Amino acid sequence: MRHEEEKGKDKLVNIKEYFKETKIDIDKSLVENLPTGKDILSKAIHYVVFSTGKRLRPIIVIATAEMLGAKREDAILPACAIELIHNFTLIHDDLPCIDDDDFRRGKPTLHRKYNEAIAVLTGDALLNSAFGVLAKADGLLSPSIKIKLIEEVSRAIGINGLVGGQVKEMSLRPQKLTLPIIEDIYLRKTASLIAVAVRMGAIIRNVTKKELALLTDYGVNIGIAFQLTDDILEFINGQTRKKKDEPNYVLSSSIEKTREVAQMKIKLAKENLCYFGRKSEILSKIADYIIERDY
Ligand code: GRG
């Protein structure tokens with residue numbers, strides 16, 4: 001019996017290993033889909049994309065698709081597309097006209113390394129490449145699924161998603177932010193991209209409406225918990241920001257309250273996975289990782 005139990009434990013997925021091996025596949029595909037030249041734009045793209053990014057969003061696309069029975073090769077291009085978009089948002093977010101940050105992933109931000117014009121244009125290049133990668137005729141995904149994916153991504157980063165969230169955040173400054181306002185900003189600026197990563201993985205497999213709704217809710221909850229954890233890490237690490245009025249849940253409440261809300265979101269996210277049974281183990285562990293991570 002004991003032996004059987006041990007064998008059972010061995011079967012449990014080691015999430016760190018899953019992250020490591022999935023990241024290798026994602027990076028390989030990113031290399032294949034990005035320019036390799038010695039020109040400034042190619043170098044700027046590589047400077048940003050191949051740094052220490054965790055690849056969380058593409059890993060979520062792949063984990064969701066795999067849970068639903070997809071082969072990894074079906075999900076790899078949509079996964080790369082979401083990572084390119086994520087990198088584009090980081091470059092633009094760091095610009096002096098938005099958050100004015102000097103460092104990202106432990107090194108100078110792109111506009112600091114090169115200049116603002118190169119940073120704006122590199123962001124534009126990554127956004128365009130993302131849609132190109134999504135539309136790529138690789139014969140694996142049907143045209144109707146590709147169109148659905150393109151529509152999803154465009155909605156998530158558009159007026160009611162990332163861009164709208166960022167504009168709301170900036171237009172509210174420097175007024176004191178209430179917790180519901182902060183949550184609404186986080187829903188749009190961080191959770192929308194994470195939720196769309198889950199939805200992309202689901203759309204690849206033509207899921208039912210009920211499954212899509214459950215998974216969307218999972219994505220939104222882990223997305224908000226992700227940003228709350230980011231706020232905690234920023235607070236603990238004493239990161240200094242030039243724009244002092246940027247929202248941070250910890251500063252508007254307390255570290256305990258922020259942790260409590262993040263844990264509650266993860267609990268809700270995991271409840272939604274019950275419907276999928278044991279095959280949702282990786283998504284469940286990703287939810288735990290979101291609040292347990294230390295960077
Ligand atoms: C023009 C679509 C568009 C966007 C501009 C700037 C902006 C609007 C939105 C900001 C979105 C943003 C940067 C949100 C912060 C989310 C966040 C916590 C990012 C860090 O994510 P990690 O930790 O990054 O996954 P790594 O480095 O691991 O890739």
Side-chain angles (χ1 to χ4, degrees), residues 19-20 22-23 26-27 30 47-61 79-101 103-111 116 119-131 152-171 173 182-197 219-220 222-235 237 239 241 243 246-250 258 262 286 289-295:
F19 269 60
K20 207 166 130 192
T22 311
K23 192 172 183 299
I26 293 162
D27 284 2
L30 283 169
Y47 180 79
V48 172
V49 176
F50 298 103
S51 50
T52 56
K54 294 182 281 297
R55 308 289 192 232
L56 176 68
R57 294 149 193 83
I59 287 173
I60 289 175
V61 175
C80 286
I82 202 83
E83 182 64 17
L84 296 179
I85 286 172
H86 168 59
N87 280 269
F88 142 69
T89 67
L90 297 182
I91 296 170
H92 280 200
D93 194 48
D94 290 337
L95 286 169
C97 60
I98 302 192
D99 277 351
D100 194 11
D101 281 315
F103 290 93
R104 164 78 56 190
R105 294 166 172 160
K107 57 185 196 176
T109 44
L110 193 62
H111 65 273
E116 275 182 52
V120 170
L121 293 167
T122 303
D124 295 344
L126 291 177
L127 174 64
N128 279 288
S129 302
F131 283 102
E152 277 291 324
V153 171
S154 132
R155 189 184 43 75
I157 61 178
I159 298 162
N160 292 314
L162 270 154
V163 175
Q166 186 65 30
V167 171
K168 182 166 182 184
E169 179 185 319
M170 293 185 327
S171 60
R173 292 172 187 170
I182 297 181
E183 234 188 85
D184 183 54
I185 292 169
Y186 288 1
L187 174 68
R188 298 214 249 165
K189 90 164 193 178
T190 308
S192 58
L193 204 56
I194 292 182
V196 88
V220 167
I222 63 166
I224 294 178
F226 183 85
Q227 184 61 59
L228 294 173
T229 306
D230 223 62
D231 287 359
I232 294 171
L233 291 174
E234 189 183 294
F235 181 80
N237 297 331
Q239 275 155 346
R241 304 188 286 192
K243 300 226 165 120
E246 253 179 77
N248 183 310
Y249 207 90
V250 178
T258 309
I286 289 176
Y289 159 81
I290 297 268
I291 47 171
E292 283 163 12
R293 70 199 173 97
D294 52 17
Y295 88 103

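Both ligands and their constituent atoms are indexed starting at 1 by order of listing. Please read these numbers as outputs of a predicted model, since none were measured by experiment.
- Considering only residues two or more places apart in sequence or on other chains, A195 meets the side chain to side chain contact (heavy atoms under 4.5 Å, CB included) condition with V220.
- Although no hydrogens or angles enter the test, the distance criterion places a donor-acceptor pair under 3.5 Å between the side chain of R105 and the main chain of V48.
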Pairwise, report which nitrogen or oxygen atoms of ligand 1 are under 3.5 angstrom from protein nitrogen or oxygen atoms, and how far apart they are.
unit_1, atom_1, unit_2, atom_2, d
ligand 1, 21 (O), R57, NH2, 3.1
ligand 1, 23 (O), K54, NZ, 2.6
ligand 1, 24 (O), H86, NE2, 3.3
ligand 1, 25 (O), R57, NH1, 2.8
ligand 1, 25 (O), R57, NH2, 3.4
ligand 1, 27 (O), R105, NE, 2.7
ligand 1, 28 (O), K54, N, 2.9
ligand 1, 28 (O), K54, NZ, 2.9
ligand 1, 29 (O), H86, NE2, 2.8
ligand 1, 29 (O), R105, NH2, 2.8

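- Between the D99 side chain and the D101 main chain, no donor and acceptor come within less than 3.5 Å of each other.
- Remark: side-chain polar atoms of T22 are not paired, donor with acceptor, to backbone N or O of I59 under 3.5 angstrom.
- Cation-pi contact between K54 and F19: absent, since separation from the ring centre below 6.0 Å together with deviation from the ring axis within 45° is not met.
- Only one option out of T109, T52, D94 pairs with R104 in a side-chain hydrogen bond (donor to acceptor under 3.5 Å, both in side chains); it is D94.
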